[in-house]
Amino acid sequence: MTLDQVKEITPNHFSLPRRIERLGELAYNLWWTWNPDVQRLYKRIDSDLWEETTHNPIQFLRKVERAKLNAVTHDSYYLDFYDRSLLAFDQYMEREDTWYQKNHGHIDKEVIAYFSTEFGLHETVPIYAGGLGVLSGDHLKEASDLGLPLVAMGFLYTKGYFTQVISEDGWQEAQYAKLNFDELPVLPLVDNEEKPTTVSVELAGREVLVRMWKIQVGRVPLYLLDSNVDGNSDDDRELTSRLYSSDLDLRISQEIILGIGGVRALRKLGHSPAVWHMNEGHSAFLVLERIREQVEKGTSLEEAKNYVQAKTVFTTHTPVPAGSDEFPAWLIDKYFGGLQQQLGLSRDEFFDLARHTVSWGETFSMPVLAMRTSNLRNGVSELHGEIAREMWGYLWPDVKTDEVPISHITNGIHTGTWLARRMRHLYGRYLGSDWLDNIDDPEIWEAVSNIPDEELWAVRRHLKRKLVIYMRERARAQWGQDEVHPVQVIASGALLNPYALTIGFARRFATYKRADLILSDFERLLGIINKPNMPVQIIFAGKAHPADQPGKLLIQNVYRKVKKAESGGRLVFLEDYDMNLARYLVQGVDVWLNTPRRPNEACGTSGQKAAVNGVLNFSILDGWWREGFNGKNGWAIGTDDSHTDYKFQDDMDAESLYDSLENEIIPLFYDRSSGNLPVDWIGLMKESIRTLAPEFSMRRMLKAYANDLYFEVMDRTK
Ligand SMILES: *Cc1c(COP(=O)(O)O)cnc(C)c1O
């Protein structure tokens with residue numbers, strides 16, 4: 001198969017006035033998602049419809065009234081804005097002085113293949129569950145900004161991730177709806193007869209077909225696999241319908257599709273990547289397929305292994321062994337009998353590639369496979385790097401723990417995606433016109449001190465009002481639904497005060513994240529939040545994995561406290577946390593709270609999103625905050641130690657949390673002794689932005705990946 005037999009169908013289902021017809025093209029490149037001004041091109045046509053279609057330009061263009069489209073073609077202000085936006089888009093896409101081209105252009109044409117099970121690009125493309133996906137999405141956006149020659153591989157889940165509904169008693173219900181691909185920015189790849197382009201993989205003796213889609217992320221293509229294809233059995237068509245099933249057969253099938261099918265898909269597209277990056281171990285089967293390819297060409301197994309390993313990079317995200325992705329031996333026998341023969345390996349030798357001893361026996365561990373078959377490996381924060389070297393050190397029995405070959409690169413966030421539009425304009429005015437090109441340069445951010453306090457505070461107040469109004473509207477809409485009890489409307493934020501000190505806590509509800517730590521001494525908390533003249537409100541949001549009973553009980557515990565009359569509507573739980581809600585929260589609250597049980601938070605990124613927006617972090621010294629906190633840019637909870645006695649650690653952390661809230665945070669926020677502005681608070685905000693925005697940007701992170709991993713591998717394998 002050659003490249004020219006694969007093409008994408010360009011959608012032509014909008015009939016737009018010629019003068020603004022490129023709005024359709026723009027809808028199919030996610031570049032618009034990190035350019036908030038460009039989003040106004042849609043919003044200005046019909047802002048109600050823009051909200052109603054949840055910021056989905058494709059759905060928007062299919063529904064918008066022709067008269068409204070015609071109207072803007074006579075609006076010179078709009079047309080000017082349209083022309084400037086499209087010009088910026090064209091310049092972005094054609095730019096030839098990107099960081100990559102300026103510094104590394106000589107190694108052009110060699111691509112980096114990036115594999116991940118989830119990609120969080122925008123709320124309208126629900127193919128992510130949480131932090132890992134958002135990180136992958138941010139990685140692609142930044143690769144596009146830097147001009148890195150990267151192609152990505154993942155899944156187009158036909159049912160996406162679930163929608164969360166909370167019952168009156170606080171129980172999480174998961175609802176799955178089939179996605180309508182016609183309303184998503186996905187392009188089907190087809191052959192000359194316009195039939196879906198497919199590759200096939202063997203799953204326990206049967207051949208399963210997988211088709212390919214593409215999402216364009218700026219300059220970077222993201223290819224997505226989907227088993228819902230004519231010719232597959234009904235069951236096989238469902239293989240890629242959801243993320244992270246707890247069914248083992250389903251999970252291993254998905255990982256074979258991603259790893260093995262993903263390599264075949266890239267081959268079909270004509271790629272022979274110079275670097276293969278496995279973002280977490282789920283995609284590690286890709287090394288087996290690449291080894292098989294070499295062996296098939298007549299290379300010895302040993303040589304094939306070395307050849308493949310030299311070009312492979314692995315990032316681990318899991319600091320707890322229990323969180324590892326692994327399979328029992330019988331399942332490996334069932335799915336890999338054929339491959340063992342092709343590689344000329346015995347059952348035992350094959351299992352050795354990924355053998356991992358656990359309490360009940362031995363498993364085939366995906367992170368072990370990835371560790372053993374990659375050239376460079378990294379964790380995602382300094383502390384996580386240390387933990388990973390301890391955890392996986394046994395794979396290098398002759399090496400001292402601190403010399404185990406696993407490094408770390410601390411995660412960052414794609415600034416353009418997470419920064420509020422108003423903050424962006426404010427930075428534009430005070431940091432210099434080229435600040436966006438130098439996001440990772442600490443010097444650029446020194447100028448934050450020049451922003452007048454009143455201006456910064458005015459933007460912060462605006463963003464908090466916007467959050468509160470949005471939440472009240474959601475609460476109002478919820479009241480109209482069947483089976484909703486009025487107290488749930490209050491739990492959703494109907495009584496929020498746009499001027500009160502507002503704390504945000506939003507993330508996956510895994511038990512180690514301890515969402516209930518701040519509720520652990522409930523009487524004390526009630527005293528704190530209900531003080532006259534110094535009200536405090538706390539907004540919780542997050543989904544538990546549908547099979548995670550303890551996580552769901554945690555939500556219920558939080559929800560029951562939220563509903564109590566004594567909470568006065570000041571505690572809130574927002575349903576269905578996603579990237580849209582995340583944006584409102586990290587932009588709108590005053591304080592971002594994070595209370596993981598150390599050292600379980602490999603990195604964490606939501607606090608980084610908050611920081612760049614001027615929100616102050618109040619967190620355990622775990623993951624990134626252990627590196628970001630400098631004693632005067634936010635607050636730490638607890639000490640720089642980990643403990644094995646959970647009860648002891650929880651009690652100590654709770655005590656520290658309440659003390660800081662009562663004695664430092666609340667008094668500082670309400671200190672208006674210098675007039676209307678909390679001057680010291682604003683000083684902290686500036687210190688936080690100045691020190692954290694450059695360091696925890698995806699720009700800094702991706703340059704490190706490129707320099708320390710990608711180019712290093714390219715150099716070594718020249
Ligand atoms: C950023 C983000 C996350 C990850 O946040 P953590 O702080 O790493 O837990 C999870 N979900 C969504 C929707 C996000 O935007």
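Order of listing sets the numbers, starting from 1, for every ligand and every atom in it. Since we're looking at a predicted model, the values are computed, not measured. FYI, the numbering just counts along the sequence from 1.
- Of the protein's non-hydrogen atoms, the one nearest atom 1 (C) of ligand 1 is Lys609 NZ, 1.3 Å.
- Contacts between Trp418 and ligand 1 below 4.0 angstrom, taking non-hydrogen atoms only, involve the side chain exclusively.
- The part of Asp578 lying near ligand 1 is the backbone, judged by heavy-atom distances below 4.0 Å.
- Close contacts of ligand 1 with Ala582, meaning ligand atoms under 4.0 Å from a residue heavy atom, involve 15 (O).
- The shortest contact between atom 8 (O) of ligand 1 and any protein heavy atom is with Thr605 N, 3.0 Å.
- Annotation: cation-pi geometry not satisfied between Arg242 and Tyr161 (NZ/CZ under 6.0 angstrom from ring centroid, within 45° of ring axis).
- By the side chain to side chain contact (heavy atoms under 4.5 Å, CB included) test, Pro319 is found to be paired with His384, Ile387, Ala602, residues two or more places apart in sequence or in another chain being considered.
- In this structure, OG1 in Thr605 is found 6.5 Å from CG in Leu135, a value given to the nearest 0.5 Å.
- Looking at atom 9 (O) of ligand 1, its nearest protein heavy atom turns out to be Lys513 NZ, 2.9 Å.
- Both the sub-6.0 Å distance and the 45° axial angle are satisfied by Lys543 relative to the ring of Phe162.
- Summary of contacts: the protein heavy atom closest to atom 10 (C) of ligand 1 is Gly131 N, 3.5 Å.
- Nearest protein heavy-atom neighbour of atom 7 (O) of ligand 1: Ser606 OG, 2.5 Å.
- Here the heavy atom of the protein found nearest to atom 12 (C) of ligand 1 is Tyr577 CE2, 3.6 Å.
- Under the 30°/60° scheme for interplanar angles, the aromatic rings of His139 and Tyr114 are found to lie parallel.
- Ring orientation note: the planes of Phe540 and Phe505 are tilted relative to one another, at an angle of 30° to 60°.
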